[in-house]
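In what follows, every heavy atom counts, from backbone to side chain, and hydrogens, waters and symmetry copies are set aside. A, B, ... follow the sequence lines: proteins, then strands. Residue 1 opens every chain.
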There are 2 protein chains.
Amino acid sequence: MAKVDVPDIVISRLPRYLQTLNQMAKEGMHTVSSSDLAARLRTTAAQIRKDLSYFGGFGKQGTGYPIYLLIEELQKILNLDRIWQVALVGAGNLGRALAQYPGFPRRGIEIALLFDADPNVVGTQIGTIPVQHVDFMESEIQDQGIKIGILAVPAAAAQQIADRMVSAGIEGILNYAPVTLILPESIHAMDIDPVLQLQTMMYFIGED
Amino acid sequence: MAKVDVPDIVISRLPRYLQTLNQMAKEGMHTVSSSDLAARLRTTAAQIRKDLSYFGGFGKQGTGYPIYLLIEELQKILNLDRIWQVALVGAGNLGRALAQYPGFPRRGIEIALLFDADPNVVGTQIGTIPVQHVDFMESEIQDQGIKIGILAVPAAAAQQIADRMVSAGIEGILNYAPVTLILPESIHAMDIDPVLQLQTMMYFIGED
DNA sequence: TAGATTGTTAATCGATTAACAATC
DNA sequence: TAGATTGTTAATCGATTAACAATC
């Protein structure tokens, strides 16, 4: 697939469209216009039509978009039409919460591997997932051909674990540690740091 | 403070600058040039200088920016020069992890209130924080004048709890539930949904 | 058919980048 | 002083919005 011409920012909006379309489907809707979808997503009808038009014409003049079709198409575009296995490193409070997060299996994401360095935790199970020692991380990731890793380790360990993930063949890293990782350009890294988001809010909410 | 003229996207980058400057300070650095900071953050020197210039001239030609000064200034700009109390709703796996997340107190965020609806959980303590019944949410938030709420409840409950937060005077909501909330324009809402981030990655990593 | 809404092109808007005089 | 780097202006780039012919 030559997907070079679609702006990254467009791609990053597609999962939100999908999320809302799924909600609408659950509500029993069958068809939606770009303006109704836009209202729900707090964006504009023009943007939705433009974004979707990068991938084809999924709508019908006069009636809008068939919700089920659009859900299927978006899933295909985003490569969601299969189960993705991910490796999770860190079985502390956050790692354990992620390992048991029902939103993952529900949306096709399987925590296939879980690692920690603490000997008190290694060997136990979190939900149905055994915690392995992080020393086995590289070999396990390679054996299973896993491409996505989730980092839920302390800040001090994050860079080192990320480097090891990359050397094991990981192509995407979701980083929960509050540090800016230094990674090769080729790696798709995204950060989830609630403090950064809260700090942005604090600017706007001000000092009242 | 008239902060109307600074683009939102600039504000959203400031916490990252601050994070990296703090790391640099910890490494013993005293001064940094826009290009060195840019290299660390994977952005450009011009962007950093432009962003900072909205708030004043903090650097020195020839030598760069004094790290400690810049940290202080950024903290003032973002209103981080005080403790922010937040209300957390949801004491499931995720809520409990958040309630005990050391990155919050370390960066001036205090979980002052914690609520849940489950009678088995209400009355217990998570770390040092007592879990109160969500029925008391509005009054407690109002009593303490809390402006920021964190939503860690199941998707089905999220909209209703968010509405109640708003009616209690909350001005910013950090939403962990995988739903698009419908909220008044005046509310600063941000979503943290790891699945949306992973799905964006899946597009780029592809089907190999 | 008349009304609604798409897909797309062109216009606008805003953000990023480049360049450089000022100056430490 | 010479070298480095800022702060800022102007140029470029890219994304969003508006508009409308096509068409269901």
Trainee: Take N1-N3 plus N6-O4 or O6-N4 for Watson-Crick, N1-O2 plus O6-N3 for G-U, both under 3.5 Å. Which runs of 3 or more such pairs involve DNA chain D?
Mentor: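 DNA chain D forms these stems: C:3-24 with D:3-24.
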Trainee: Can you list, in residue-number order, the parts of residues 58-72 of chain A that come under 4.0 Å of DNA chain C, counting heavy atoms only?
Mentor: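 Here the set is A:F58, A:G59, A:K60, A:Q61, A:G62, A:T63, A:G64, A:Y65.
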Trainee: Please compare A:Y54 and B:G56 by the position of their nearest nucleotide in DNA chain D and report the one closer to 5'.
Mentor: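 Nearest nucleotide further toward 5': that of B:G56.
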Trainee: Which atom names give the shortest non-hydrogen contact between B:D36 and B:M24, and what distance separates them?
Mentor: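 What the structure gives for the nearest pair is O-CE, 4.3 Å.
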Trainee: Between atom CD1 of A:I170 and atom CD1 of A:I187, what is the distance when rounded to the nearest 0.5 Å?
Mentor: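 Those atoms lie 8.5 Å apart.
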Trainee: Could you pull out every donor-acceptor pair under 3.5 Å between side chains of residues 190-197 of chain B and any protein atom, sequence neighbours left out?
Mentor:
{"residue": "B:D191", "atom": "OD1", "partner": "B:N175", "partner atom": "ND2", "Å": "2.8"}
{"residue": "B:D191", "atom": "OD2", "partner": "A:R16", "partner atom": "NH2", "Å": "2.8"}
{"residue": "B:D193", "atom": "OD1", "partner": "A:R107", "partner atom": "NH2", "Å": "3.4"}
{"residue": "B:D193", "atom": "OD1", "partner": "B:V195", "partner atom": "N", "Å": "3.0"}
{"residue": "B:D193", "atom": "OD2", "partner": "A:Q19", "partner atom": "NE2", "Å": "3.2"}
{"residue": "B:D193", "atom": "OD2", "partner": "A:R107", "partner atom": "NH1", "Å": "3.1"}

Trainee: For residues 43-54 of chain A, which residue pairs pass the side chain to side chain donor-acceptor pair (under 3.5 Å) check, not counting sequence neighbours?
Mentor: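 Non-adjacent pairs meeting side chain to side chain donor-acceptor pair (under 3.5 Å): A:R13-A:D51, A:Y17-A:D51, A:S34-A:R49, A:T43-A:Q47.
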Trainee: Check the pair B:Q199, A:N79 against side chain to side chain contact (heavy atoms under 4.5 Å, CB included), reporting the backbone distance first and the verdict last.
Mentor: CA-CA 8 Å; B:Q199 288 178 338; A:N79 298 315; over 6 Å; no
Trainee: Name every donor-acceptor pair, under 3.5 Å, that has one atom in a side chain of residues 138-146 of chain A and the other anywhere in the protein, sequence neighbours excluded.
Mentor:
{"residue": "A:E138", "atom": "OE1", "partner": "A:R164", "partner atom": "NH2", "Å": "3.1"}
{"residue": "A:E138", "atom": "OE2", "partner": "A:R164", "partner atom": "NE", "Å": "2.8"}
{"residue": "A:S139", "atom": "OG", "partner": "A:F136", "partner atom": "O", "Å": "3.1"}

Trainee: Using 30° and 60° as the class limits, which term best fits the ring planes of B:H30 and B:Y68: parallel, tilted or perpendicular?
Mentor: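 Because their plane-to-plane angle lies in the 30° to 60° range, the rings of B:H30 and B:Y68 count as tilted.
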Trainee: Between which nucleotides of DNA chain C, 5' to 3', does chain B make heavy-atom contacts below 4.0 Å?
Mentor: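 The footprint of chain B covers C:dA15 to C:dC24.
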Trainee: Regarding B:R82 and B:E110, does a basic nitrogen lie under 4.0 Å from an acidic carboxylate oxygen?
Mentor: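 Salt bridge absent between B:R82 and B:E110.
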Trainee: At what distance, to the nearest 0.5 angstrom, does CG of B:L114 lie from CD1 of B:I111?
Mentor: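 One finds 8.0 Å between CG of B:L114 and CD1 of B:I111.
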Trainee: Mark yes when over 12 heavy atoms from residues, nucleotides or ligands other than A:R106 sit less than 6.0 Å from its CZ; otherwise mark no.
Mentor: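 Not buried by this count: 12 neighbours or fewer within 6.0 Å.
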Trainee: Could you check whether B:S34 gets within reach of a base, just the sugar-phosphate, or nothing at all, counting any heavy atom under 4.0 Å?
Mentor: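 Contact class for B:S34: sugar-phosphate only.
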